[in-house]
Amino acid sequence: MRTNTIRTLGVCAGLAIVAGAAPLAGQGGADPSLDRILKSAGQYVEQYEHAMAAVVAREDYQQSVLADARHLSGASSRTLRSDLLVFDAGSRGWVSFRDVYEVDGSSIRDHDQRLVELVSHFTPDSLQEIRRITAESARFNLNPPSMVINRNINTPMTALLFLRDASQARSTFTLGKPEQIGDVRAVQVTFVEQAKPRLIASGDGAPARGVFWIDPANGRVVRTQLDMTTELQGQSVTTRIVVTYGKVANVDVWVPVTMDETYDMLQMLQTINGHASYSNFRQFSVTVNEEGNRAQ
């Protein structure tokens, strides 16, 4: 397995991950079991970031819109197939770039694995080209008839930002009940973000919250749930993104295997649903300096 180091990487997004957001002063938990699990999970995430610093996977992504949840009218659906590039951008967290090459079973261009080529032969212009590809691919996202939602926090590993050892003091954590996830007897750990600026920036400064399912034996994260309710274009939008991790061939660590997302717009009785599955993981050795150029 080839490993990578990425120092910083500029990101352009509407709901953006905030670089260098200051943590709160220590919020030590009163539950020694919770403290032990959080410490173990923080160490796991740190090791995980080194092991998964630059990865490209195939994403099969089904999207649907229910325009009137009461009468099941106005439904539409779309299936995208893409290359998904995921970077660990150091203090800026996990970022991803999507390159769509197939829509509803029809090729929109040759699958030339542009992201793989750009990562494998990184130049000062590569990052700009990756961003252009991502913007080009975003137009294929399915939206409700009366609204456009810039869905840019649906990165499979975004929730792990809140479990980093350096970021844990930003949130309050609560130990929940055990639950069987596949072959793992995991425990639930819920979190609510408290610190500002938020790790995920939004116009109204909404906090993130969610749940981690953690193997108490080793800190391994087997499932994450990320929730946010924020105001977008004058509407209240409630977001939930659930990612399940598993073991795949040719990768030493557990990787995201599915991502399920929901965007509920209750005032408009509209819902966006998404289900993505990931396969064909490829890892690359890339080092990026502070200016976003490949380090020599």
Side-chain angles (χ1 to χ4, degrees), residues 1-4 6 9-14 16 51-65 75-89 94-144 148-158 241 243-244 246 248-251 255-261 272-288 292-295:
M1 182 181 68
R2 302 166 66 185
T3 58
N4 322 309
I6 296 179
L9 193 67
V11 182
C12 179
M52 290 282 289
V55 175
V56 174
R58 182 178 118 174
E59 180 186 64
D60 292 284
Y61 191 6
Q62 298 173 335
Q63 301 178 357
S64 62
V65 171
S76 57
S77 63
R78 178 169 296 168
T79 300
L80 306 178
R81 180 166 289 173
S82 313
D83 285 323
L84 185 77
L85 168 64
V86 178
F87 272 122
D88 166 29
W94 294 103
V95 294
S96 70
F97 303 93
R98 184 173 283 111
D99 186 10
V100 177
Y101 59 87
E102 187 177 297
V103 178
D104 292 333
S106 298
S107 297
I108 59 173
R109 59 174 185 79
D110 292 336
H111 181 209
D112 52 9
Q113 301 190 76
R114 293 183 292 185
L115 296 184
V116 173
E117 181 65 22
L118 286 167
V119 172
S120 301
H121 303 92
F122 205 94
T123 71
D125 295 327
S126 294
L127 185 55
Q128 181 177 350
E129 179 63 12
I130 289 172
R131 287 176 174 150
R132 187 195 66 78
I133 290 171
T134 300
E136 172 189 292
S137 296
R139 65 189 177 93
F140 297 108
N141 279 328
L142 199 60
N143 281 290
V148 175
I149 296 181
N150 184 17
R151 304 196 288 280
N152 46 31
I153 62 170
N154 56 344
T155 304
M157 290 176 282
T158 297
I241 300 174
V243 178
T244 300
V248 300
N250 303 320
V251 182
V255 296
V257 291
T258 61
M259 179 181 69
D260 292 278
E261 56 181 337
I272 301 172
N273 293 313
H275 173 77
S277 59
Y278 301 95
S279 60
N280 192 24
F281 287 85
R282 292 145 287 171
Q283 296 181 282
F284 298 89
S285 180
V286 178
T287 301
V288 179
N293 301 325
R294 187 186 180 102

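Residue numbers start at 1 and run along the sequence shown.
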Which heavy atom of [X] sits nearest to which heavy atom of [Y], and what is that distance?
{"X": "I272", "Y": "L142", "value": "CD1-O, 4.2 Å"}
{"X": "V56", "Y": "V116", "value": "CG1-CG2, 3.8 Å"}
{"X": "P156", "Y": "Y278", "value": "CG-OH, 3.5 Å"}
{"X": "Q63", "Y": "F140", "value": "OE1-O, 4.3 Å"}

Does the side chain of [X] reach to within under 4.5 Å of the side chain of [Y], using non-hydrogen atoms?
{"X": "D112", "Y": "E117", "result": "no"}
{"X": "R114", "Y": "R109", "result": "yes"}
{"X": "D99", "Y": "L85", "result": "no"}
{"X": "N141", "Y": "L80", "result": "yes"}
{"X": "Q283", "Y": "N250", "result": "no"}
{"X": "I130", "Y": "L115", "result": "yes"}
{"X": "Y101", "Y": "D83", "result": "yes"}
{"X": "T158", "Y": "M259", "result": "no"}

Passes side chain to side chain contact (heavy atoms under 4.5 Å, CB included), I133 versus L118? Steps please.
CA-CA 11 Å; I133 290 171; L118 286 167; 3.9 Å; yes
Using a 3.5 Å distance criterion without hydrogens, assess whether the side chain of [X] forms a donor-acceptor pair with backbone atoms of [Y].
{"X": "R131", "Y": "Q128", "answer": "no"}
{"X": "S82", "Y": "R98", "answer": "no"}
{"X": "N280", "Y": "A57", "answer": "no"}

From Q62 atom CD to S277 atom OG, the distance as rounded to the nearest 0.5 Å
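Taking CD in Q62 and OG in S277, the distance rounds to 7.5 Å.
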What distance separates S77 OG from D104 CG, expressed to the nearest 0.5 Å?
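Those atoms lie 7.0 Å apart.
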Would you please name every residue forming a side chain to side chain contact (heavy atoms under 4.5 Å, CB included) with E102, sequence neighbours left out?
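Counting only residues at least two positions away or on another chain, E102 forms a side chain to side chain contact (heavy atoms under 4.5 Å, CB included) with R81, S107.
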Considering residues at least two apart in sequence or located in another chain, which fulfil the side chain to side chain contact (heavy atoms under 4.5 Å, CB included) criterion with S96?
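Scan of S96 (side chain to side chain contact (heavy atoms under 4.5 Å, CB included), adjacent residues dropped) gives L84, V86, T155.
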Less than 4.0 Å between a side-chain N and a carboxylate O, is that true for E129 and R132?
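Here R132 pairs with E129 in a salt bridge, since their nearest N and O are under 4.0 Å apart.
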Working for side chain to side chain contact (heavy atoms under 4.5 Å, CB included), residues V243 and M157:
CA-CA 8 Å; V243 178; M157 290 176 282; over 6 Å; no
